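Since the model is a prediction, treat every value here as computed from it, not as a measurement. Just so it is clear: chains get the letters A, B, ... in the order the sequence lines come, proteins before strands, and each one is counted from 1.
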Protein chains: 2
Amino acid sequence: MKKVNQQSTLTITPRSLDMQAADLLREQILSGSFAPGTRLLEVDLSAQFGLSRGTIRSALQQLTHEGLAVQYPYRGCAVCSLSAQDAWELYTLRQALETLAARLACDQITPERSQRLQAALSQLANAASQQNWREVAEADFALHQVIVQAAGHRRLQAQYKVVEQQIRLYIISCNALYSDLDQIVAEHQHLVNAIISGDATLAEQVAKSHNTDGEMLVEQLRQAEVV
Amino acid sequence: MKKVNQQSTLTITPRSLDMQAADLLREQILSGSFAPGTRLLEVDLSAQFGLSRGTIRSALQQLTHEGLAVQYPYRGCAVCSLSAQDAWELYTLRQALETLAARLACDQITPERSQRLQAALSQLANAASQQNWREVAEADFALHQVIVQAAGHRRLQAQYKVVEQQIRLYIISCNALYSDLDQIVAEHQHLVNAIISGDATLAEQVAKSHNTDGEMLVEQLRQAEVV
DNA sequence: AATCTAGAGATTGTTGACAATCAGCAAAAA
DNA sequence: TTTTTGCTGATTGTCAACAATCTCTAGATT
């Protein structure tokens with residue numbers, strides 16, 4: 001009789017109601033159901049979710065810490081709106097984190113990790129060949145996740161995730177499109193090769209130059225603000 | 001009759017009780033009053049502060065997000081304890097953030113900002129000449145704060161502050177000493193000069209090499225764990 | 001007409017009580 | 001003896017009610 005333990009896929013992991021509420025709200029925000037600027041009122045969400053206001057409050061505090069919501073004391077909470085300055089911050093910060101991740105992943109590269117990088121790169125190439133920019137975006141995120149995980153750095157992972165979420169929010173709010181899918185694949189090919197090569201300085205340099213989608217996003221927001 | 005407004009030093013800024021409680025707890029932790037591993041129980045703190053448990057709970061959630069506390073569902077909260085792995089993470093992450101800050105500060109350098117950098121550097125040199133390592137540590141932090149502020153990047157500032165706080169916690173828990181104060185001053189001199197020079201690539205390279213205290217900290221923790 | 005004041009509505013902030021979970025331990029069962 | 005079960009104490013998680021703050025508007029004052 002096999003014991004059910006914490007590593008089993010049969011485990012039910014308890015998750016407090018406030019965290020579940022935060023998860024659901026995050027999903028709504030990142031799927032575009034709650035546009036930037038949407039007010040997130042404790043009273044409304046409490047009624048909608050069938051939970052107490054305190055529980056919702058705790059969930060909103062969590063989202064505020066993740067940068068997805070902004071709190072206005074006594075006046076409500078809202079989904080975060082983004083300026084060009086915000087986009088610039090995210091793009092520069094993401095790049096710094098990805099550069100660190102590339103170097104550390106490279107320092108600790110293993111055959112198994114190489115395979116996972118290659119697999120993620122293949123997914124990206126497949127999505128690009130189908131001209132499906134949404135899947136390209138997802139494959140792009142997934143590839144970077146693999147790199148960041150390969151860095152073996154919990155804080156880096158946590159911080160990268162927060163940045164990624166905010167970037168997702170901005171992509172949705174801009175209806176950002178990827179204009180040159182082949183270039184994106186080529187850039188990522190170059191990055192993965194550099195990491196797998198074991199040359200940390202090269203990996204770092206390539207990651208530093210890896211900015212096509214970030215620059216595009218900042219530019220789009222800048223133009224939107226000028227109009 | 002002068003109007004009192006939000007920019008006046010006479011303004012009282014409302015700060016919710018939960019944030020005030022978080023401030024006070026943060027201070028206790030960073031001053032060493034609450035050692036790493038100390039249990040932070042809602043019931044005890046509630047009685048001690050004369051606030052409700054919910055308010056304390058919210059304060060602890062804030063500290064958990066800052067990495068100063070760890071939550072154990074249904075079993076209490078504790079001041080974060082640090083391993084060598086944690087120290088490594090902080091040191092590498094800090095370096096990446098400082099490198100970004102140096103580059104951005106350099107890109108946006110102004111005469112006024114140069115002066116502030118020089119002033120902060122002087123404070124560091126003074127502290128070192130008095131062989132007062134606590135003041136050296138504070139001057140070191142202050143100088144980096146000036147650099148990070150000069151980067152004009154709100155998220156970078158926020159993230160840097162979280163990392164800095166955690167580093168402070170670790171320094172206290174290790175009784176870390178600075179062994180070569182002159183070298184520290186020289187390194188910072190080099191960094192400030194690079195930023196002020198306006199050469200962003202140089203600023204970045206110097207910031208990347210700027211790691212004396214971080215490496216020392218990691219090494220001390222590694223030896224403490226071996227014993 | 002311009003400015004100030006008070007009140008109402010909307011919303012959050014805080015509280016104390018009840019509900020839920022966890023770990024440890026003693027007793028019962030195998 | 002080992003394993004299982006049930007209970008208890010300690011602590012958090014959640015709830016509904018009360019307290020506090022903010023913005024806006026109408027009325028009063030200058």
Side-chain angles (χ1 to χ4, degrees), chain A residues 1-8 10-26 34 37-66 68-81, chain B residues 1-8 10-26 34 37-66 68-81:
Chain A
M1 182 64 180
K2 287 176 60 173
K3 280 178 71 173
V4 175
N5 64 31
Q6 287 278 22
Q7 279 77 47
S8 163
L10 299 183
T11 303
I12 294 175
T13 303
R15 193 152 175 88
S16 58
L17 289 182
D18 57 349
M19 294 312 295
Q20 289 179 54
D23 291 342
L24 200 52
L25 284 168
R26 189 183 302 107
F34 286 160
T38 303
R39 302 192 74 197
L40 303 172
L41 305 182
E42 293 178 5
V43 174
D44 292 349
L45 295 173
S46 172
Q48 191 175 328
F49 285 24
L51 301 175
S52 85
R53 260 201 326 94
T55 306
I56 298 296
R57 177 174 192 71
S58 180
L60 289 175
Q61 191 175 355
Q62 172 69 22
L63 294 183
T64 299
H65 285 290
E66 293 175 23
L68 296 181
V70 190
Q71 188 202 18
Y72 304 100
Y74 287 105
R75 287 177 294 126
C77 207
V79 176
C80 196
S81 294
Chain B
M1 183 60 179
K2 289 176 61 172
K3 281 178 70 172
V4 175
N5 64 31
Q6 288 277 20
Q7 278 77 47
S8 161
L10 298 183
T11 302
I12 295 174
T13 303
R15 192 154 175 84
S16 57
L17 289 182
D18 58 350
M19 294 311 295
Q20 289 179 55
D23 292 341
L24 201 50
L25 284 168
R26 190 184 300 109
F34 286 161
T38 303
R39 300 191 75 197
L40 303 172
L41 305 182
E42 292 179 7
V43 172
D44 292 348
L45 295 172
S46 173
Q48 191 174 329
F49 285 23
L51 300 173
S52 84
R53 264 199 12 319
T55 306
I56 298 296
R57 177 173 191 70
S58 179
L60 289 175
Q61 191 175 358
Q62 173 67 26
L63 294 182
T64 299
H65 283 289
E66 294 174 25
L68 297 181
V70 189
Q71 189 202 14
Y72 302 101
Y74 286 106
R75 288 176 295 127
C77 206
V79 176
C80 194
S81 293

Of the listed nucleotides D:dT12, D:dC22, D:dC15, the one nearest the side chain of A:Leu51: D:dC15

If you only use heavy atoms from C-beta on, which nucleotide in C:dT15, D:dT14, C:dT12 is closest to the side chain of A:Val43? C:dT12

Kindly say whether A:Val79 contributes a backbone atom to a donor-acceptor pair with the side chain of A:Arg39 at under 3.5 angstrom? no

Nearest heavy-atom approach of B:Ala22 to B:Leu63 is O-CD2, 3.8 Å

At 4.0 Å (heavy atoms only), tell me whether A:Arg39 reaches a base, stays on the sugar-phosphate, or touches nothing. sugar-phosphate

Give a yes/no on whether any side-chain N or O of B:Ser16 is located under 4.0 angstrom from OP1 or OP2 of C:dT12. no

Value in whole Å for how far the C1' atom of D:dC22 lies from CD of A:Gln71: 13 Å

So does A:Arg15 pair up with A:Asp23, basic N to acidic O under 4.0 Å? yes

Between B:Cys77 and A:Tyr74, which is nearer to the 5' end of DNA chain D once each is assigned its nearest nucleotide? B:Cys77

Whole Å only: how far is the CD1 atom of A:Ile56 from the P atom of D:dC15? 9 Å

With a 4.0 Å limit, can you tell me whether A:Ser52 has a side-chain N or O closer than that to the phosphate oxygens OP1/OP2 of D:dC15? yes

Distance check needed: C:dA10 P versus A:Leu40 CG, whole Å only. 19 Å

Measure the distance from CZ on B:Arg53 to C1' on C:dA17 and round it to the nearest whole Å. 10 Å

Would you say A:Ser52 and A:Thr55 are linked by a side-chain donor-acceptor pair, where the criterion is simply a distance under 3.5 Å? yes

Looking for any heavy atom pair under 4.0 Å, which part of the strands does A:Gly54 touch: base, sugar-phosphate only, or nothing? nothing

Below 4.0 Å: OP1/OP2 of D:dT12 and any side-chain N or O of B:Arg75: no

A:Leu45 CG to D:dT14 P, in whole Å, measures 16 Å

In whole angstroms, the gap separating P of C:dT14 from CD of B:Gln62 amounts to 13 Å

Scan side-chain atoms only and decide if A:Gln62 and B:His65 contain a donor-acceptor pair under the 3.5 Å cut-off. yes

Length of the CG-C1' vector between B:Asp18 and C:dT12, whole Å: 11 Å

Does a side-chain N or O from A:Thr55 land closer than 4.0 Å to OP1 or OP2 of D:dC15, or not? yes

Output the rounded distance in Å from CD (A:Gln20) to P (C:dA20). 14 Å

